[in-house]
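Letters go in sequence order (proteins before strands), and every chain restarts at 1.
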Amino acid sequence: MPLNAFPKVRTRIAPSPTGNLHLGTVRTALYNVLFAKKHQGEFFFRLEDTDRQRSEEQFTQEILEGFKWLNISWDTPEVPLHAPETLVGLGEDGIVRQSLREAVHSSYIERLINEGKAYRCFATVEELDAMREAQKARKEIEKYDNRSRALSKDDSEKLLSEGKPYVVRLNLGADHVITWLDLIRGEVSINTKDLGGDPVIQKSTGQVLYNFAVVIDDYEMQISHILRGEDHISNTAKQIAIYEALNFPIPAFGHLPLIFTKDKQKLSKRKHGDIASVNTYKTQGYLAKALVNYLLGTSYNSAKYGEIFTITEGAEDFQITSVSKSPAIYDIQKLNWYNRDYISKLNYQEILTYVSRFSKFDLENNSLFNSSQIQLIVESIQESLDKFEQIDEHINYFFEDFKLDDSTLITIAEEGKEVIHEFISLIESGSLDFADQNSIKNGINSIGEKLNLKGKKLFFPIRVAISAKTSGPELGFIAVLLGKEKIVERLNSALLETSHRN
RNA sequence: GCCCCCAUCGUCUAGAGGCCUAGGACAUUCGGUUUUCAUCCGAACAACAGGGAUUCGAAUUCCCUUGGGGGUACCA
């Protein structure tokens, strides 16, 4: 596709360090990466840290760690063509820090004032409140009435010299329609009359507003394609007005659908807590690749790879135009499915690394089992793990004893006790080989024949007695690893507990 | 209120006028395998929001309605 006036595809992610790394931010970043990869372009990272009230260094660190964990890296912007020397605010780490660019932003404000495209507005907050009240009383739409457009240059200079506080507003001119061809949505049009009057571009503190800073920074970083959340659609109209006032080439815009929860609300930290935060997934033991794949899959399916694909594979046939327009509802079950799938494909060294990190048992240096036994244990539960956080609930009975609770004991029942008795005598008769799974299994089978029991009635009592669980690897497998003594001990103690209960 | 965006199974999606009695995946349910559990295999369930218009023909184009969401700051 003929991209646009820009020589090269450059995209960016521009998070604010005002909270944890949000799933939505990651998703936006991912689509930007995908698009840049697909078009052999570059992807940049800009930190929008100008909100001094809410920005915190701790959040910056969390965001960077999150990106690192997810293995999303960015390119370093080169010296911009349009800007004079170096790109102000660019750090060694390739990150552009917006807070370091305030002087740059201000200089463009001055330029607009000099060109008559922006003006100072000395109206006080009280004055503007009164204006809105009056509009409300008249049942008009509340918006800035552009009153200061009329201020003469002399009057303006006078108020300025008197030290009166002011904001700078962009002169939107006569009402007109701003239209862009959205990469995802097609043509989008917004009339400037619905923008709430001439927008403030610089506060009375001298700091510029978000919409202005974004335009300046994207321009100097030569961003060619801006892919961001749908919640920015109305910002885009204002930003295009700023691009036009500044006579900057206008990049292409694409507005991605948002992530919703089941209640159809935008996924937010405030309302939905931890599930919005990337850190939660890292902590619970999700694989970064699975999370990436899930996030990408929410609004995009690879024609070539279907559901399961890496970011590189996804980029092969990525079409920004085929990204879904409607919101994606957050679905933990789908994420878990991805994660199970990725976990099950891990080789042993990989899974051991993860599992060790999440287990309270020292798997790599264990006194009960040697390394090949550990491998057998880990591999036996590899496919039943949704996330690594669950590791110990699957393997704890190998490492420590337990007390059966009522809900577990109930599965043993009367017949079960008999099964256990028989199993104990069989073991003690010495006819089972604890080095051989099949020997154990055959032994259990013979009990089944003797008592005329099969299926759950035969296997559950033993399973519960030796593992306190109704699911897990083969019984023979467990028995061989735990060994004769431990098995007998647990069988006896289960019998004891059932008798206490009855 | 005003402006904008969106609308296919419960969920994510395929579908760019006839290939659609709408395909796949997740979830769910039921079978088979495993004398248990997990895995695996098979099957079932289940959707074009409603109404008009265009057309020989519409999930696909247009309009309206309804529903949902976003925005509406000297926040980002």
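- Using a 4.0 Å heavy-atom criterion, one finds that A:Ile462 contacts no nucleic acid atom at all.
- Of the two residues near RNA chain B, A:Pro327 and A:Val125, the one whose nearest nucleotide lies more 5' is A:Pro327.
- In this structure, A:Lys164 atom NZ and B:C74 atom P are separated by 18 Å, rounded to whole Å.
- Evaluation of the ring pair (Phe, Tyr, Trp, His ring centres under 6.0 Å) rule for A:Tyr354 yields A:Phe388 as partners, not counting sequence neighbours.
- Legend: residues meeting ring pair (Phe, Tyr, Trp, His ring centres under 6.0 Å) with A:Trp337, ordered by chain and number and at least two apart, are absent.
- Residue-to-nucleotide proximity on RNA chain B shows that, of A:Thr470 and A:Pro257, the 5′-proximal contact is made by A:Pro257.
- Protein atom CZ of A:Arg228 is 13 Å distant from nucleotide atom P of B:G71, rounded to whole Å.
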Evaluate A:Phe260 against A:Tyr330 for ring pair (Phe, Tyr, Trp, His ring centres under 6.0 Å), listing each step before the verdict. CA-CA 6 Å; A:Phe260 283 1; A:Tyr330 173 84; over 10 Å; no

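- At a threshold of 4.0 angstrom between heavy atoms, the contacts of A:Val214 with the nucleic acid are absent.
- At least one side-chain nitrogen or oxygen of A:Ser324 sits closer than 4.0 Å to the OP1 or OP2 atom of B:U13.
- For A:Phe459, there are no ring pair (Phe, Tyr, Trp, His ring centres under 6.0 Å) partners, not counting sequence neighbours.
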For each nucleotide in nucleotides 24-35 of chain B, reading 5' to 3', give B when a protein heavy atom comes within less than 4.0 Å of its base, S when such contact involves only the sugar-phosphate, and - otherwise. BBSS------SB

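- Evaluation of the side-chain contact (heavy atoms from CB on, under 4.5 Å) rule for A:Ile242 yields A:Leu170, A:Ile201, A:Asn211, A:Phe212, A:Val215, A:Leu246 as partners, not counting sequence neighbours.
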Filtered N/O pairs between nucleotides 43-48 of chain B and protein, under 3.5 Å:
none

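- One interatomic measurement links the two molecules: CD1 of A:Ile259 to P of B:U11, which rounds to 16 Å at whole-angstrom precision.
- Taking the ring centre of A:Phe45 as origin, the terminal cationic atom of A:Arg12 falls outside the region bounded by 6.0 Å and 45° from the ring axis.
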Considering only nitrogen or oxygen atoms on both sides, find all protein atoms under 3.5 Å from nucleotides 2-4 of chain B and state each distance.
none

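- In this structure, A:Asn336 reaches neither bases nor backbone, as no heavy-atom distance under 4.0 Å exists between it and the strands shown.
- Between A:Gln265 and B:G69 there is a side-chain N or O to OP1 or OP2 distance below 4.0 Å.
- If you check B:A7 for Watson-Crick or wobble pairing at under 3.5 angstrom, you find it paired to B:U66.
- Under the 30°/60° scheme for interplanar angles, the aromatic rings of A:His232 and A:Tyr210 are found to be tilted.
- In this structure, B:G17 makes no Watson-Crick or G-U wobble pair, since no nucleotide meets both defining distances under 3.5 angstrom.
- Legend: residues meeting salt bridge (charged side-chain N to carboxylate O under 4.0 Å, His left out) with A:Lys469, ordered by chain and number and at least two apart, are absent.
- Under the side-chain contact (heavy atoms from CB on, under 4.5 Å) criterion, A:Thr236 pairs with A:Trp180, A:Arg228, A:Ile240, A:Phe253, A:His255, sequence neighbours left out.
- Here the OH atom belonging to A:Tyr397 is positioned 3.5 Å from the CD1 atom belonging to A:Ile478, to the nearest 0.5 angstrom.
- Using a 30° and 60° split on the angle between ring planes, A:Tyr286 and A:Tyr281 fall in the perpendicular class, above 60°.
- With sequence neighbours left out, A:Asp194 forms a side-chain contact (heavy atoms from CB on, under 4.5 Å) with A:Asn191.
- In this structure, A:Ile184 atom CD1 and B:G69 atom P are separated by 21 Å, rounded to whole Å.
- Residue A:Ser299 is in sugar-phosphate contact alone, with no base atom involved, counting any heavy-atom pair closer than 4.0 Å across all strands shown.
- Both distances falling under 3.5 Å, in either a Watson-Crick or a G-U wobble arrangement, occur for no nucleotide opposite B:U55.
- Here A:Val167 lies in heavy-atom contact (under 4.0 Å) with a base.
- Note on A:Ser204: a base of the nucleic acid sits closer than 4.0 angstrom, heavy atoms only.
- The CG atom of A:Leu475 sits 13 Å away from the P atom of B:A38 (whole-angstrom rounding).
- With rounding to the nearest 0.5 Å, the separation of NZ in A:Lys164 from OG1 in A:Thr124 is 7.5 Å.
- Note: CG (A:Leu258) to C1' (B:G70) measures 7 Å, nearest angstrom.
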Scoring nucleotides 62-67 of chain B by protein non-hydrogen atoms under 4.0 Å (B base, S sugar-phosphate only, - none) yields ------

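- For A:Gln53, the CD atom counts as loosely surrounded, since its 6.0 Å shell holds 12 or fewer non-hydrogen atoms of other residues, nucleotides or ligands.
- For B:G42, the paired nucleotide is B:C30, the pair qualifying as Watson-Crick or G-U wobble because both relevant distances are below 3.5 Å.
- Nearest nucleotide to the side chain of A:Ile329, out of B:C12, B:G71, B:C74: B:C12.
- For A:Phe59, there are no ring pair (Phe, Tyr, Trp, His ring centres under 6.0 Å) partners two or more places apart in sequence or in a different chain.
- For A:Ser299 and A:Arg27, the side-chain atoms include at least one donor-acceptor pair closer than 3.5 Å.
- A:Arg463 comes within 4.0 angstrom of a base, heavy atoms only.
- Using the Watson-Crick or G-U wobble rule with both distances under 3.5 Å, B:A22 pairs with nothing in any strand shown.
- No engagement by A:Tyr330 is indicated, since no non-hydrogen atom pair under 4.0 Å with the nucleic acid exists.
- At whole-Å resolution of the value, NZ in A:Lys325 and P in B:C5 are 11 Å apart.
- Here the P atom of nucleotide B:C37 and the CD atom of A:Gln382 are 22 Å apart, to the nearest Å.
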